[in-house]
Amino acid sequence: MSRLETEALPHLDAVYHFALRLSGSADAADDLVQETFFRAYRSWDRYTPGTRARSWLFTICRNLFLRGRERSLRHDEIVAEGTSVDPREASRENPVFHSTRELDPEARFFHAVVDEEIFRALDELPEEYRSAVVLSDLEDLTYAEIAELMDVPVGTVKSRLYRGRRMLQRRLYEYAVSTGHIAPRAEGS
Amino acid sequence: MKSKSVGCREAAERVFEFLDGELEDVSEEEIAEHFRVCGRCYPSLAFEQAFRDALARARRGEKAPADLRERVLEALRKEGYDP
């Protein structure tokens with residue numbers, strides 16, 4: 001068995017899940033995965049044995065996606081972002097938590113949100129935030145790995161995770177309110 | 001009641017780094033201790049944990065196509081891949 005098969009192919013599922021979140025469709029994800037492994041095969045001599053093949057494959061996959069997106073002129077909204085989280089922003093109480101802490105102190109409403117809705121909410125995030133959240137929360141990459149993969153400083157990764165998670169929490173909360181899993185917070189309370 | 005070294009503000013600022021295992025200049029034990037003893041901050045940790053659990057559950061439930069590996073290998077063989 002070749003090293004490609006022992007070091008890269010075990011990450012096929014993870015690359016598929018990442019491709020699915022990037023592209024938003026099973027067919028496009030399938031194509032992205034095929035192309036990612038084709039590129040990995042062609043540039044296998046550039047892979048350093050023993051390093052994390054998964055991060056390398058994710059990098060190829062994301063670059064292919066971004067290149068395709070540029071071609072199709074389907075840009076996400078460009079969001080002004082800093083390279084770090086403002087401590088004042090981070091210490092400010094999370095508005096969703098503020099709305100739910102009395103009614104649902106253990107945040108059970110998150111468990112009532114169906115998986116399809118979680119993916120829909122993720123898919124609606126701007127790509128920069130979506131990729132950071134998916135790579136951290138779904139694929140367990142470290143901040144340093146995500147920073148290298150997205151070619152940004154670690155401070156930017158933290159900022160994207162902070163804002164991406166807050167946006168996602170807001171969407172899931174609105175969904176839970178709309179489906180009656182949690183009552184909306186009364187005005188002024 | 002708060003722990004001596006970590007206050008509520010710092011705990012709020014560090015909650016993601018704590019859950020992500022990415023704390024630098026403060027120990028995991030110090031932050032954990034604050035969340036353990038501070039009734040005001042503990043619910044925010046439970047909130048973030050429930051959110052993460054929901055994402056992880058969704059990820060576990062999503063399956064890649066069963067024949068994807070074989071199709072990838074087949075495409076590579078056409079390009080000359082010979083293990």
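This is a predicted model, so every value here is computed, not measured.
- A distance of 5.5 Å separates CD in A:Q34 from CZ in B:R71, rounded to the nearest 0.5 Å.
- When A:L122, A:L161, A:L168 are compared by the number of non-hydrogen pairs under 4.5 Å with chain B, A:L168 comes out ahead.
- Within a 6.0 Å sphere centred on CD of B:E70, heavy atoms belonging to other residues, nucleotides or ligands number more than 12.
- Counting heavy-atom neighbours within 6.0 Å of B:D67 CG, excluding the residue itself, gives a total above 12.
- Scanning all heavy atoms of the two residues, the minimum distance from A:A107 to B:A50 falls at O-CB, 3.6 Å.
- To the nearest 0.5 Å, atom CZ of residue A:F110 and atom CZ of residue B:R52 are 12.0 Å apart.
- Taking both residues in full, the closest heavy atoms of B:L68 and A:L12 are given as C-CD2, 3.9 Å, listed atom of the first, atom of the second, then distance.
- Closest non-hydrogen pair, A:F37 versus B:L76, comes out as O-CD2, 3.6 Å.
- Contacts between B:Q49 and chain A at a heavy-atom distance below 4.5 Å are absent for every atom of the residue.
- Heavy atoms closer than 4.5 Å to chain B are found in both the backbone and the side chain of A:A14.
- Rounded to the nearest 0.5 Å, atoms CZ (A:F38) and OH (B:Y81) are 14.5 Å apart.
- Salt bridge status for B:D20 with A:R165: present, with a side-chain N to carboxylate O gap under 4.0 Å.
- Looking at A:E139, only its side chain comes within 4.5 Å of chain B, counting heavy atoms on both sides.
- Contacts between A:I118 and chain B at a heavy-atom distance below 4.5 Å involve the side chain alone, from C-beta outward.
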Kindly determine whether A:N94 and B:E48 satisfy side chain to side chain contact (heavy atoms under 4.5 Å, CB included), including the steps that lead there.
CA-CA 10 Å; A:N94 174 358; B:E48 299 299 348; 3.7 Å; yes
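- Taken from NZ in B:K63 to NE2 in A:H17, the straight-line distance is 7.0 Å, to the nearest 0.5 Å.
- Here the side chains of A:D115 and B:E62 are not in contact, with every heavy-atom distance at 4.5 Å or above.
- The local environment of CZ in B:R40 is sparse, with at most 12 non-hydrogen atoms from other residues, nucleotides or ligands closer than 6.0 Å.
- Around atom OH of B:Y42, no more than 12 heavy atoms belonging to other residues, nucleotides or ligands sit under 6.0 Å away.
- When every heavy atom of A:F119 is checked against every heavy atom of B:A58, the shortest pair comes out as CZ-O, 3.3 Å.
- Heavy-atom contacts from other residues, nucleotides or ligands closer than 6.0 Å to CZ of B:R57 number more than 12.
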For B:L73 and A:E5, run side chain to side chain contact (heavy atoms under 4.5 Å, CB included): C-alpha distance rounded to whole Å, both residues' side-chain angles, the deciding distance at 0.1 Å, then the answer.
CA-CA 9 Å; B:L73 278 171; A:E5 242 169 306; 4.0 Å; yes
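- Using a 4.5 Å heavy-atom threshold, the side chains of B:P43 and A:F97 count as touching.
- With a 4.5 angstrom heavy-atom cutoff, A:E106 touches chain B only via backbone atoms.
- A side-chain donor-acceptor contact under 3.5 Å links B:E22 to the backbone of A:Y143.
- In this structure, CG on A:L138 lies 6.0 Å from CG on B:L55, to the nearest 0.5 angstrom.
- Comparing A:V134, A:T36, A:V96 by how many heavy-atom pairs each has under 4.5 Å with chain B, the most go to A:V96.
- In this structure, A:R101 fails the cation-pi test against B:F47, since its NZ or CZ atom is not both closer than 6.0 Å to the six-membered ring centre and inside 45 degrees of the ring normal.
- In this structure a side-chain-to-backbone donor-acceptor pair under 3.5 Å is missing from A:H111 to B:A54.
- Here B:E13 does not pair with A:K158 in a salt bridge; the nearest charged N to carboxylate O distance is not below 4.0 Å.
- Of the two parts of A:Y41, only the side chain, counted from C-beta on, holds a non-hydrogen atom closer than 4.5 Å to a non-hydrogen atom of chain B.
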